[in-house]
Number of protein chains: 2
Amino acid sequence: MLKAREAAIVSSVNRLLAEKGFDAMTVDEVAADVGIAKASLYKHFPSKEELAAAAMVRVLENARAYLDDESMRDLPRAGDRLRAVARWAMRVQLAGEMPALPAQHSTLRAALLQHRAYLASLMQVSERLGEWIVEAQRDGDVNPQLPPEVVLYTLYARACDPVLGVLKSTQQYTDEQVVDMVLSTCFDGLAARR
Amino acid sequence: MLKAREAAIVSSVNRLLAEKGFDAMTVDEVAADVGIAKASLYKHFPSKEELAAAAMVRVLENARAYLDDESMRDLPRAGDRLRAVARWAMRVQLAGEMPALPAQHSTLRAALLQHRAYLASLMQVSERLGEWIVEAQRDGDVNPQLPPEVVLYTLYARACDPVLGVLKSTQQYTDEQVVDMVLSTCFDGLAARR
DNA sequence: GTCTATACACAGATAGAC
DNA sequence: GTCTATCTGTGTATAGAC
């Protein structure tokens, strides 16, 4: 019961975070969305930052689960696995379920950097991706001139690429077309491949 | 005198906007930074949104000036001009002078969409870039399979790429190295070019 | 653990004297 | 146009009853 309630809270937070971002999201909204009183929220999570952290942990756990998923074993090349992960993240974002943290925000950033569960999840995902990046560079599928961490940061950034939302809002493309195009700009670049 | 004062205000707003973003920036901070009282600020600009809009207009005017600059005439290929513009924008961001607007923020977005000067500047820059994109696609320098507007949005997004700030904060690379790497991920993609 | 009611802080905006 | 002082709304967080 308690776990279910907290899962519902995190779910609401996740959606609101994706929709409005951390600053614009208010705890009142979260409470209203969950259907409980604000004070009750604070019995589960001691602060707004903890709410956001819980949402981030959940999405990172989902990512880790996806990295370990069976479907990944069907992809022998690390480069293909990286593309698949990026595609998964972009789909999550288009579904309105990718929590958006303001790039640089003092109080939230500070809270996250001291949040053990968040750091642990982030580390796990990053390490797995880091291995794949190095492997893909050895295979000749990812540009070996780029430092692996640059590739890693770029993948994280593209998972939240605002271009996805902009293209979706034009209503000119299906979600899959949007994902394909942004994936293309990410891995193949804007320049023509000859 | 009045123009100089307002220029100083916009300059402060620009820097604070780049540093903290719209939500985290407070009007009190702006006033303190400029060195005048908050009430005086409101004699020049009627709202916080107008302050942000003024900063956006300025950066767009700078961009337009750069597009018309002599140095651009030395680049016969549109693809090279696009790369040069992206480089310019990335340098601006690394210098801490690229105002960061939260991707989706109701009040600010609504205000900007009704701000004539902002829309006019944005349109001018976009039209010029749009021409170059089509030209570069004809030249075979930009992937002709991507709709021009997708390329345009991607360029705008990369001009504010958070990866720049992350890489700078690691202090492992010079500013020019950071720019070169992010430019490479933008135009050449993460995948290896064979 | 859930609620109602409230404390507290702060930020955007304004009043009004000079 | 600049200032000091203030209004007002709103958002985070808490008190205390049940």
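Atom set for the values below is all heavy atoms of this structure, side chains included, hydrogens, waters and symmetry mates excluded. Residue numbers start from 1 in every chain, and the chains themselves are labelled A, B, ... in the order their sequence lines are given, proteins ahead of strands.
Per the geometry, NE2 belonging to His44(B) stands 9 Å off P belonging to dC3(D), to the nearest Å. Straight-line distance from the CG atom of Leu108(A) to the P atom of dG11(D): 18 Å, rounded to whole Å. Atom pair Ile36(A):CD1 and dG1(C):P shows a separation of 12 Å (rounding to whole Å applied). The nearest whole Å value for the distance from the CG atom in Asp23(B) to the C1' atom in dG12(C) is 13 Å. Between the CZ atom of Phe45(B) and the P atom of dG1(D) there is a distance of 13 Å, given to the nearest Å. One interatomic measurement links the two molecules: CD1 of Ile9(B) to C1' of dT2(D), which rounds to 12 Å at whole-angstrom precision. With rounding to whole Å, Leu41(B) atom CG is found 11 Å from dA13(C) atom P. Regarding Asp28(B), its CG atom lies at a distance of 7 Å from the C1' atom of dA11(C), rounded to whole Å.
Relative to the side chain of Ala39(A), the nucleotides dT4(C), dT2(C), dA11(C) differ in distance, and dT4(C) lies closest. You'll find that the side chain of Glu49(B) is closest to dA13(C), out of dG11(D), dA13(C), dT2(C). Comparing dT2(C), dG1(C), dG11(D) by their nearest atom to the side chain of Leu2(A) picks out dG1(C). Distance from the side chain of Lys43(B) is smallest to dG16(C) among dT12(D), dG16(C), dT4(C). The side chain of Val27(A) lies closest to dT12(D), out of dC3(D), dT12(D), dT4(C). Taking every side-chain heavy atom of Lys48(B) into account, dA13(C) is the closest of dT12(D), dA13(C), dT4(D).
The 5' end of DNA chain D is approached more closely, in terms of each residue's nearest nucleotide, by Gly35(B) than by the other of Gly35(B) and Met25(A). DNA chain D is contacted by both Phe22(A) and Ala37(B); Ala37(B) maps to the nucleotide lying nearer its 5′ end (nearest heavy atom per residue).
Ion pairing between a basic and an acidic side chain is recognised when a charged N comes within 4.0 Å of a carboxylate O; Asp188(B) and Arg83(B) show such pairing. Salt bridge status for Arg91(B) with Asp175(B): absent, with no side-chain N to carboxylate O gap under 4.0 Å. Between Asp74(B) and Arg81(B) there is no salt bridge, since none of the side-chain N atoms of the basic residue sits less than 4.0 Å from a carboxylate O of the acidic one.
Taking 4.0 angstrom as the limit, Ser40(A) places a side-chain polar atom (N or O) nearer than this to OP1 or OP2 of dC3(C).
More than 12 heavy atoms of other residues, nucleotides or ligands shown are found within 6.0 angstrom of CD on Gln177(A).
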TODO: List the steps, then state whether side chain to side chain contact (heavy atoms under 4.5 Å, CB included) holds for Asp180(B) with Tyr173(B).
DONE: CA-CA 10 Å; Asp180(B) 284 334; Tyr173(B) 311 100; over 6 Å; no
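With hydrogens and angles ignored, a donor-acceptor pair under 3.5 angstrom links the side chain of Lys38(B) to the base of dG12(C).
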